[in-house]
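Following: one structure in structure tokens, then a few remarks.
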Amino acid sequence: MSVVKQFNDFIFFILLGIIISCIFDIFRTLRKVRKKNSIYVVMIQDVIFFVIITILTAIYMINVIDDRIRLYMFLAMGIGVAISRKIISKSLIKIYSAIYYTVSNCVKFLCVPLELWKSVICKIIKKVIKKCCKLFSLMINLKCKLLSIFNKKNNFRRRGLKNGKESRNERKKKNKKEKKVS
């Protein structure tokens, strides 16, 4: 393996380190922009980051170095990350933040009509449900009243009463008849 080839590989792996740092800055920006991040969100972001970096490094190694893994390649990636963190990381985070806010504001702007429709539809559904509940309640009350009237009439018929009310005189007459019979 020639020195020129090794030097080219070293430069390529420095570039890979810079790319890794730029990807890491994306995740740092997402964590910085969103003030409250749960532990689970951070863990998922870390897993996604490591999967991306692993795939990227594997593809890079397969394409650039064929079958030779050397220690200087990992040192070159570390140097690339360090260079990127010192020189371009702060400006990249500002750029990523601006992009994030621009995209989120555009999405919010585009979702305003959807929110309006959502609120209108929710109000309509609430009114319909309220009216249906009132009608249902009225129907149940009416049914209960009808059943109670029907039950009263049946009870009166069994007792031989016409309207369900006996006068005091009728009760006295009944009691007198019962006393005479006994």
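Any value given below was found using the heavy atoms of this structure, including those in side chains, with hydrogens, waters and symmetry copies removed.
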Could you tell me whether R31 atom CZ has more than 12 heavy atoms of other residues or ligands within 6.0 Å of it? yes
Which pair of heavy atoms, one from I20 and one from M77, lies closest together, and at what distance? CD1-SD, 4.1 Å
Looking at K32 and D25, is any side-chain nitrogen of the basic one under 4.0 Å from a carboxylate oxygen of the acidic one? no
Rounding to 0.5 Å, atoms CG (L15) and CD1 (I83) come to a distance of 9.5 Å
Nearest-0.5 Å distance that lies between atom CZ in R28 and atom OG in S97: 10.0 Å
Can you check whether T29 reaches L92 side chain to side chain, under 4.5 Å on heavy atoms? no
Between atom OH of Y96 and atom CD1 of I26, what is the distance when rounded to the nearest 0.5 Å? 4.0 Å
Are any side-chain N or O atoms of T57 and backbone N or O atoms of I53, one a donor and one an acceptor, separated by less than 3.5 Å? yes
Please lay out, stage by stage, how M61 and F12 fare under the test side chain to side chain contact (heavy atoms under 4.5 Å, CB included). CA-CA 10 Å; M61 284 184 173; F12 280 125; over 6 Å; no
Rounded to the nearest 0.5 Å, the CD1 atom of I44 sits from the OG atom of S38 at a distance of 7.5 Å
Contact summary for F27 and Q45, nearest pair of heavy atoms: CE2-O, 3.7 Å
dist I23:CD1 -> I19:CD1 (nearest 0.5 Å) comes out at 7.0 Å
Tell me whether F50 shares a hydrophobic cluster with V81, the cluster being built from Ile, Leu, Val, Met, Phe, Trp, Tyr side chains joined at under 4.5 Å. yes
Taking the side chain as every heavy atom from C-beta outward, state whether F13 and F74 have any pair of such atoms under 4.5 Å apart. no
Ring-plane angle category for F10 and Y72, please: parallel below 30°, perpendicular beyond 60°, tilted otherwise. tilted
For a 4.5 angstrom cut-off between non-hydrogen side-chain atoms, does F24 reach R85? yes
Can you find a heavy atom in the side chain of I93 that is under 4.5 Å from one in the side chain of K90? no
Side-chain donor or acceptor of S89 paired with backbone N/O of K86 under 3.5 Å: no
So if you build clusters from Ile, Leu, Val, Met, Phe, Trp, Tyr with side-chain heavy-atom gaps below 4.5 Å, do V51 and M43 land together? no
Side-chain contact, heavy-atom cut-off 4.5 Å: I18 with I88? yes
Taking side chain as C-beta onward, heavy atoms only, is V33 less than 4.5 Å from Y101? yes
